[in-house]
Every structure is written in C-alpha cells, then in structure tokens.
Amino acid sequence: MPVGEKIAGLDVLGPEYFTDPHAYHTRMRAQAAATEVVLPGGTKAWLVTRYEDARQALADQRFSKDYRAFPGIMQRNQVDGEEAGEFDSSLMQHMLNMDPPDHTRLRKLVTKAFTARRIEQLRSRVQEITDGLLDEMAAKAATTDSATINSGMDLVDALSFPLPITVICEMLDVPLDARDEFRVWSNTLVLGGPDAEAVQAAAGRMADYLTRLVDHKRANPGDDFFSELVHAEEGGERLDQLELISMAFLLLVAGHETTVNLITNGVHLLLRHPDQADRLRADRSLLPGAVEEFLRYESPVNHATIRVTVEDVEVGDVVIPKNSVVVVSLNGANRDGDRFPDADRFDITRPAGGHLAFGHGVHYCLGAPLARMEGEIAIGSLLDRFDFALAADPESLRWRQGTLMRGLESLPVSLTPRGPR
C-alpha cells in the first residue's frame with residue numbers, strides 16, 4: 001500500500017492519494033467504518049469508505065450540509081494551528097450546501113429543468129454537438145499521407161470538456177465567450193488545494209461573471225430555464241441575489257465537471273481493458289450498462305462534498321464526534337467487495353445499479369440522467385467513428401490533483417477512422 005505524508009499520525013490526502021485513492025480506500029475499509037485523515041487544506045476530517053456506511057452518511061440529516069456552519073467547524077478541525085481558508089459566501093448559498101427546508105425550497109425550483117422528459121428532448125441536440133466535435137477532431141488532425149489521425153489528440157480538450165459545457169450553457173442560455181476562462185476558474189475551485197489566494201481569486205472572478213449574468217437575466221429575461229429561475233417565485237418570495245449567483249455556480253459547474261470525468265474515465269477504462277472494448281463494439285446494447293460500470297469503477301466524483309455532524313453519530317464501529325468534518329468516499333463505497341462481488345474487476349456486463357456515483361438521499365444529483373445520456377452518446381459515437389489507442393506512456397498520465405473530482409488532466413489518443421458498419 002502507498003504510504004504518503006502523515007500529520008499527527010493521520011494520513012494526509014496528498015499526491016500519493018490522488019494517484020491511487022483506491023489503494024487507500026482498500027486499507028481504510030479493512031481498518032474501520034470511518035478513518036480520520038487530513039484534507040489538502042489542512043483540515044482533519046472523517047473519511048467514510050464502506051458502502052453501507054456511506055449510504056447512511058449521505059442520507060442521515062445528522063450529517064449537515066448547512067454552509068453557515070462550515071467556516072467555524074473547518075477552523076476548529078484545522079491541524080497545527082494553521083488558519084483554514086475562507087469560503088466565498090457568494091458561491092456557497094446553493095441547495096447542495098443546505099439542509100431541508102431550505103434545500104427543499106431551492107430543489108423544487110430547479111427540478112423542473114431536469115425532468116426525464118426535458119432531458120430526453122435534448123438527446124438530438126447532444127448527438128448533434130457530439131457529431132460536430134468528432135468532425136472537428138477528424139478534420140483538424142487528419143494527415144494526407146496516413147489514415148491515422150494525429151497521435152497528440154487530447155480527448156479532454158477535444159470532446160470530454162466541450163460537449164457538456166456546451167450543453168449546460170445552452171440549457172441556461174449562457175454565452176460561451178468565457179468558456180476557457182470558466183474552465184480555469186472551475187478547475188481551481190473544485191480542486192481547491194493549499195493555494196488559498198488562487199482559490200479566492202478564482203472565486204472572485206467566477207462571482208463577478210455570474211453576477212453580470214444574473215443582472216442580465218433580470219433585465220432581459222429569455223425563454224430559457226435560468227431566466228425562469230431568476231424570476232421564479234416560491235411562497236411569494238424570489239431567490240435573492242446571492243442565492244441566484246450560487247445556484248448559477250452550482251448548475252454550471254456541476255453540469256459539466258462530472259460528465260468531463262465520466263467520458264474521459266470511460267474511454268480510459270476501455271483503453272486499459274481492450275477485451276471489454278471489443279465486447280462493447282460487438283454488442284452496442286451493452287452501452288447503458290457499460291456507462292454504469294464506468295461510474296462505479298472510476299467514479300467521476302471521488303468524494304461527496306463535506307458534511308458536519310450536528311451530534312455524536314455512530315457509524316459502524318466508530319463514533320464520530322459532534323462538530324466533526326465528514327467526507328464520504330463515493331469511490332471507496334463503489335469498490336466495497338461486500339456490496340459488489342469482485343469489486344476491483346472492471347466488467348461492463350456487471351448488473352447495473354446500486355452504485356453511489358451520483359450520491360444518495362435528498363442531495364442525489366439532479367443532473368444524473370443528463371450526465372448518463374451525454375456519456376452514452378459521446379462514447380458510443382466515438383466507438384462508431386474511430387478505433388482508438390492510448391498515445392502516451394500509461395505512467396505519464398496525471399490525475400487531477402484534488403480530492404473532490406476523479407479524472408485525468410488529459411488523455412492523449414490516436415484515432416483511426418472506421419469504415420461503414
């Protein structure tokens with residue numbers, strides 16, 4: 001097992017952890033239901049890695065999501081007397097950081113944008129965007145003397161990022177003019193890390209951008225979901241300015257980050273397991289189940305966002321004290337052999353369902369149907385259009401350096417156009 005930095009005898013979730021969190025989770029599941037660790041910013045937290053305990057923590061309201069308690073509790077659990085980074089409240093007041101009834105009120109307003117019917121209506125547009133991106137990939141890097149497309153093609157830049165960011169921006173009628181800047185800000189905020197100044201700078205720029213967006217939608221409402229949200233009323237009240245900015249932040253960031261990793265991780269898994277790729281090519285009916293196995297085996301979100309205990313809570317064989325920071329490992333739960341037989345084996349024919357990649361309970365991801373559809377269309381279309389191979393040393397691939405997201409920074413691939421099926 002890897003051994004990384006320790007503080008006061010506790011594992012620090014640093015570079016070794018980012019490279020192979022599964023090895024840590026295996027060890028931690030064997031030791032206890034929850035293990036105290038140190039997060040990258042220097043805060044002590046209890047990491048939950050077993051499936052049944054994770055389901056409990058995700059749904060139990062004794063694990064609070066109320067953002068107003070975060071600063072004090074994070075500071076109280078800071079190691080070595082360091083000062084915890086401050087939270088930017090203008091990006092914090094969204095439903096993922098609230099408990100009922102506040103969460104219920106906000107989720108009710110947003111749910112209608114993500115109904116199964118509304119998501120299904122997007123299918124043809126998602127396919128159109130995907131086809132356009134694949135056309136660009138072929139046209140940009142095709143050579144005159146070879147049928148093989150440039151081996152330097154980065155799947156993240158070419159497909160995994162532009163597809164979901166385009167879809168969510170169109171859903172919310174957000175201009176794509178700041179797409180590249182938005183990607184940098186989002187990446188900085190979701191990865192966090194020790195550079196508090198960089199995080200705060202990204203938060204400030206993101207908040208300024210979203211403030212202008214909200215102001216524009218107030219003055220110029222359109223026939224789009226975000227305009228509806230800006231002008232929506234619930235119980236005679238509208239969302240205030242900070243709630244709207246925070247909800248825009250959540251919808252835009254959550255609306256693309258998970259899918260970026262789903263597409264990239266899925267293709268990476270097929271590259272690592274060519275026998276599974278061959279089965280999927282031979283029988284496309286396996287694709288929906290394959291997407292579920294991508295989600296389970298290498299969950300796009302490594303950890304659910306933080307929770308804090310409002311009282312002492314017994315989790316398995318551990319009592320987590322009141323006012324503790326708790327982090328639920330979705331990847332840890334999804335590799336628990338007590339729930340998934342032979343859990344470390346990648347198998348696209350595994351019975352689908354039951355994984356926690358999109359969470360559990362009242363905070364279950366609203367965008368899960370959209371992410372599944374985008375992943376299915378992107379990977380299925382890639383299989384239809386190209387044969388592909390890894391165009392880099394596997395040891396050179398780098399995972400994103402943060403505990404929240406689980407995805408590769410880039411995935412260089414070589415692509416060879418396929419003939420008619």
Side-chain angles (χ1 to χ4, degrees), residues 13 32-79 84-111 189-190 192 203 234 239-240 242-243 245-247 249-251 253-254 301-330 332-333 356-366 402-404:
L13 302 189
T35 305
E36 201 168 16
V37 299
V38 179
L39 300 177
T43 298
K44 290 188 295 184
W46 290 88
L47 184 63
V48 180
T49 51
R50 295 176 182 170
Y51 181 88
E52 291 299 335
D53 300 319
R55 275 176 58 92
Q56 173 194 341
L58 291 170
D60 190 332
Q61 292 191 26
R62 293 176 296 174
F63 297 88
S64 174
K65 297 282 289 174
D66 189 342
Y67 73 97
R68 290 167 292 194
F70 291 174
I73 291 177
M74 295 287 281
Q75 187 61 55
R76 186 179 299 130
N77 287 281
Q78 198 74 3
V79 297
E86 295 183 1
F87 289 82
D88 189 320
S89 61
S90 66
L91 300 179
M92 292 293 292
Q93 298 183 41
H94 53 73
M95 63 187 181
L96 193 58
N97 287 334
M98 294 183 180
D99 298 324
D102 292 328
H103 168 271
T104 308
R105 173 176 63 91
L106 294 179
R107 189 172 177 108
K108 183 178 180 181
L109 289 170
V110 179
T111 296
L189 292 171
V190 300
E234 180 66 25
L239 298 180
D240 63 32
L242 289 183
E243 286 178 329
I245 293 169
S246 296
M247 287 297 288
F249 169 70
L250 175 64
L251 293 171
V253 172
V301 178
N302 187 33
H303 294 168
T305 50
I306 67 169
R307 287 159 165 77
V308 296
T309 49
V310 297
E311 60 183 73
D312 292 355
V313 182
E314 186 174 349
V315 178
D317 51 1
V318 174
V319 175
I320 300 179
K322 180 181 179 180
N323 291 331
S324 294
V325 177
V326 178
V327 176
V328 178
S329 171
L330 305 180
L356 300 180
F358 291 116
H360 176 64
V362 298
H363 291 287
Y364 182 82
C365 178
L366 267 178
T403 60
L404 179 61

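All figures in this text were calculated on a predicted structure; none of them were measured in a lab.
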Where A54 and L356 come nearest, the two heavy atoms and their spacing | CB-CD1, 3.9 Å
Please lay out, stage by stage, how S64 and D99 fare under the test side chain to side chain donor-acceptor pair (under 3.5 Å).
-> CA-CA 7 Å; S64 174; D99 298 324; 2.5 Å; yes
For the pair M98 and Q93, evaluate side chain to side chain contact (heavy atoms under 4.5 Å, CB included) and give the outcome as yes or no after the intermediate values.
-> CA-CA 8 Å; M98 294 183 180; Q93 298 183 41; 4.1 Å; yes
Report yes or no: does T111 contribute a side-chain atom to a donor-acceptor pair with the main-chain N or O of R107 at less than 3.5 Å?
-> yes
What pairs with F358 under ring-ring contact (aromatic ring centres under 6.0 Å, His included), at least two apart in sequence or on another chain?
-> none
CA sep, side-chain torsions, deciding dist, call: V308, R62, side chain to side chain contact (heavy atoms under 4.5 Å, CB included) = CA-CA 8 Å; V308 296; R62 293 176 296 174; over 6 Å; no
Heavy-atom check, side chain of L366 versus side chain of V110, under 4.5 Å | yes
Straight-line distance of N77 CG to I306 CD1, nearest 0.5 Å = 9.5 Å
Find out whether L109 and E243 are in side-chain contact, i.e. whether some heavy atom of one side chain is under 4.5 Å from a heavy atom of the other.
-> no
Partner residues of H94 under the ring-ring contact (aromatic ring centres under 6.0 Å, His included) criterion, sequence neighbours left out | none
Residue pairs meeting side-chain hydrogen bond (donor to acceptor under 3.5 Å, both in side chains), one or both in residues 305-323, sequence neighbours left out, come to K65-T305
Atom CG in L96, atom CZ in F249: separation rounded to 0.5 Å?
-> 10.0 Å
Please determine which of V318, V37, V328, V313 meets the side chain to side chain contact (heavy atoms under 4.5 Å, CB included) test together with W46.
-> V318
List for me each residue that meets salt bridge (charged side-chain N to carboxylate O under 4.0 Å, His left out) alongside E36, sequence neighbours excluded, and say none if there are none.
-> none
Quick one: closest heavy-atom pair of S246 and M92, and the distance?
-> OG-N, 3.3 Å
The reported gap from CG in D66 to CG in D102 (rounded to nearest 0.5 angstrom) is 7.5 Å
Qualifying residues under ring-ring contact (aromatic ring centres under 6.0 Å, His included), relative to H363, sequence neighbours excluded | H103
Taking every non-hydrogen atom, the tightest pair across D53 and G316 | OD1-N, 3.7 Å
Which atom names give the shortest non-hydrogen contact between H360 and A59, and what distance separates them?
-> CD2-CB, 3.7 Å
Can you list the residues that meet the salt bridge (charged side-chain N to carboxylate O under 4.0 Å, His left out) rule with R76, with sequence neighbours excluded?
-> none
What's the spacing between H303 NE2 and L13 CG if we round to 0.5 Å?
-> 6.0 Å
Checking side chain to side chain contact (heavy atoms under 4.5 Å, CB included) for the pair I320/V326: CA distance, chi angles, key distance, verdict?
-> CA-CA 9 Å; I320 300 179; V326 178; 4.0 Å; yes
So, do L189 and V253 sit near enough that their side-chain heavy atoms are less than 4.5 Å apart?
-> no
4.5 Å side-chain heavy-atom contact, T403 and V327 | no
Rounded to the nearest 0.5 Å, the CG atom of L91 sits from the CE atom of M247 at a distance of 13.0 Å
Provide the closest heavy-atom pair for A304 versus L58 in the form atom of the first, atom of the second, distance.
-> CB-CD2, 3.8 Å
Should F63 and V315 be marked as a side chain to side chain contact (heavy atoms under 4.5 Å, CB included) after you check the CA-CA gap, both sets of side-chain angles, and the distance that decides it?
-> CA-CA 11 Å; F63 297 88; V315 178; 3.7 Å; yes
